[in-house]
Amino acid sequence: MTSPLRVGISACLLGQEVRFDGGHKRDRYLTDTLGQYFTWVEVCPEFELGLGVPRETLRLEGTADAPRLVFRKSREDITERMAALARKRAADLASQDLDGFILKSDSPSCGMERVRVYAGKGPAARNGVGLFARALMDNSPLLPIEEEGRLNDLPIRENFIERVFCYRRWREGVRAGFTRGKLVAFHTAHKFLLLAHSPKHYVELGRLVAGMKPGPIAEVIRDYGALFMTTLRVKSTAKKHANVLQHLMGFLKNDMDRADKTELLALIDDHRRGLAPLVVPLTLLKHHLARVKSPYISEQIYLSPHPKELMLRNHV
């Protein structure tokens with residue numbers, strides 16, 4: 001990376017006392033672990049709207065498609081004010097070189113999904129999206145966005161952080177200027193990472209690259225970037241990882257004896273069956289691949305998509 005990763009975040013998650021009750025929701029995984037790799041760009045739509053701290057609680061009312069943002073007791077409706085600020089803030093953030101965004105869950109302004117929406121006197125439906133979160137997602141559809149609560153799910157955490165690093169690499173390529181050769185090299189370097197998410201999408205991406213015609217390629221670059229980020233949102237599975245690991249083993253067919261192959265295949269099968277985390281067969285595979293002096297292998301992002309200190313491939 002040529003500069004620190006820049007990730008937007010709901011300010012309360014960093015310990016800023018901007019919540020309705022004057023408190024915060026500091027998340028130590030975000031501040032203490034990811035904070036070593038991310039430069040945070042703080043946002044609190046309610047505070048920035050001038051609502052004050054502490055303040056009366058807000059909630060979404062009406063329908064999930066067109067909710068109203070209303071103060072719970074006074075019944076003041078501030079939907080238009082928040083919507084205007086959210087659109088302006090989302091547009092501003094799009095120009096701030098962000099690589100991702102982490103939102104506060106359950107918030108009527110920042111909640112990404114399953115926010116309570118009240119209709120009448122019955123129980124709230126968990127089908128809403130916060131007004132700022134909606135504006136952010138609409139304005140920056142390729143930006144990796146997650147909620148702090150969902151990041152407690154280890155596969156979701158791994159997927160989000162992987163997408164943040166990939167999005168930065170993609171944007172650096174765009175900024176530097178993709179030529180046909182550079183786009184081919186980018187696609188090649190991400191081959192096995194993409195296969196671990198969706199072989200179908202990988203084939204589609206390959207067609208885009210192979211189908212480049214003489215002349216400007218701006219449209220191809222735009223379409224590739226959109227499909228690239230869409231592919232990475234597809235959930236990786238143990239089965240897909242196992243297939244990728246076996247594919248990579250093919251580069252070792254002349255460099256491994258029978259015992260080494262048997263050992264590695266057994267570990268790959270353990271991962272496929274949910275008995276071992278990905279890091280176990282992958283570490284042994286990388287040990288053997290170190291003997292293969294191949295730029296094609298050494299440049300594969302799949303082997304090291306993010307800092308090993310984050311320990312993201314250690315879950316089963």
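Quick note: residue numbers are just sequence positions, from 1.
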Looking only at atom types and distance, does a side-chain atom of Arg55 sit under 3.5 Å from a main-chain N or O of Val18, one as donor and one as acceptor?
yes
Straight-line distance of Ile145 CD1 to Leu136 CG, nearest 0.5 Å
4.0 Å
Less than 4.0 Å between a side-chain N and a carboxylate O, is that true for Asp255 and Arg291?
no
Carboxylate-amine/guanidinium proximity below 4.0 Å for Glu61 and Arg59
yes
Can you check whether Leu143's main-chain N or O pairs, donor with acceptor, with Ser140's side chain at less than 3.5 Å?
no
Could you tell me whether Asp106 and Arg126 make a salt bridge, using a distance below 4.0 angstrom between a side-chain N and a carboxylate O?
yes
Roughly how far apart are Thr57 OG1 and Glu46 CD, rounded to 0.5 Å?
9.5 Å
Which residue is it: His190, His247, His187? I am looking for the one with a ring-ring contact (aromatic ring centres under 6.0 Å, His included) to Tyr202.
His187
The criterion is side chain to side chain contact (heavy atoms under 4.5 Å, CB included); which residues satisfy it with Arg272, sequence neighbours excluded?
Lys239, Ala242, Asn243, Gln246, Asp269
Could I get the full list of side-chain hydrogen bond (donor to acceptor under 3.5 Å, both in side chains) partners for His271, not counting sequence neighbours?
none
Ring-plane angle category for Tyr296 and Phe192, please: parallel below 30°, perpendicular beyond 60°, tilted otherwise.
perpendicular
Interatomic distance, CG@Leu289 vs CE@Met249, rounded to 0.5 Å, equals 9.5 Å
Which residues share a side chain to side chain contact (heavy atoms under 4.5 Å, CB included) with Arg19, sequence neighbours left out:
Cys12, Asp21, Lys25, Lys104
May I have the list of side-chain donor-acceptor pairs in residues 158-166 shorter than 3.5 Å, sequence neighbours left out?
from	atom 1	to	atom 2	distance (Å)
Glu158	OE1	His315	NE2	2.9
Asn159	OD1	Arg163	NE	2.8
Asn159	ND2	Leu232	O	2.7
Glu162	OE2	His197	NE2	2.3

Parallel, tilted or perpendicular: which one describes the rings of Trp40 and Phe38, with boundaries at 30° and 60°?
perpendicular
Side-chain H-bond candidate by donor/acceptor type, Thr63 with Asp65, under 3.5 Å:
no
Got a sec, which hydrophobics cluster with Leu58, joining ILVMFWY side chains under 4.5 Å apart, including via others?
Leu49, Leu51, Leu60, Leu69, Phe71, Ile78, Met82, Leu85, Val115, Val117, Leu131
According to side chain to side chain contact (heavy atoms under 4.5 Å, CB included), who are the partners of Leu142, at least two apart in sequence or on a separate chain?
Tyr167, Ala226, Met229
ring-ring contact (aromatic ring centres under 6.0 Å, His included) with Trp170: which residues, sequence neighbours excluded?
Phe178, Phe186, Tyr224
Could you list the residues that satisfy side chain to side chain contact (heavy atoms under 4.5 Å, CB included) with Gln36, not counting sequence neighbours?
none
Arg150 bridged to Asp153 by N-O distance under 4.0 Å
no
Would you confirm whether Glu147, through its side chain, and Met112, through its main-chain N or O, come within 3.5 Å as a donor-acceptor pair?
yes
In chain order, what residues pass the ring-ring contact (aromatic ring centres under 6.0 Å, His included) check against Phe47, with sequence neighbours excluded?
none
Flag for Thr39-Arg6: side-chain donor and acceptor within less than 3.5 Å:
no
Does a side-chain N-to-carboxylate-O contact under 4.0 Å join Arg207 and Asp223?
no
For His287, give me all partners under ring-ring contact (aromatic ring centres under 6.0 Å, His included), at least two apart in sequence or on another chain.
none
I'd like to know if Arg87 pairs up with Asp138 as an ion pair, taking the criterion as any Lys NZ or Arg NE/NH1/NH2 lying under 4.0 Å from an Asp or Glu carboxylate oxygen.
no
When Ile, Leu, Val, Met, Phe, Trp and Tyr are grouped by side-chain heavy atoms lying under 4.5 Å apart, directly or through other members, which residues fall in the same group as Val234?
none
Residues which pass ring-ring contact (aromatic ring centres under 6.0 Å, His included) with Tyr118, listed by chain and number, not counting sequence neighbours:
none
Measure from the side-chain N and O atoms of Glu56 to the backbone N and O of Ser74, and report whether any donor-acceptor pair falls under 3.5 Å.
yes
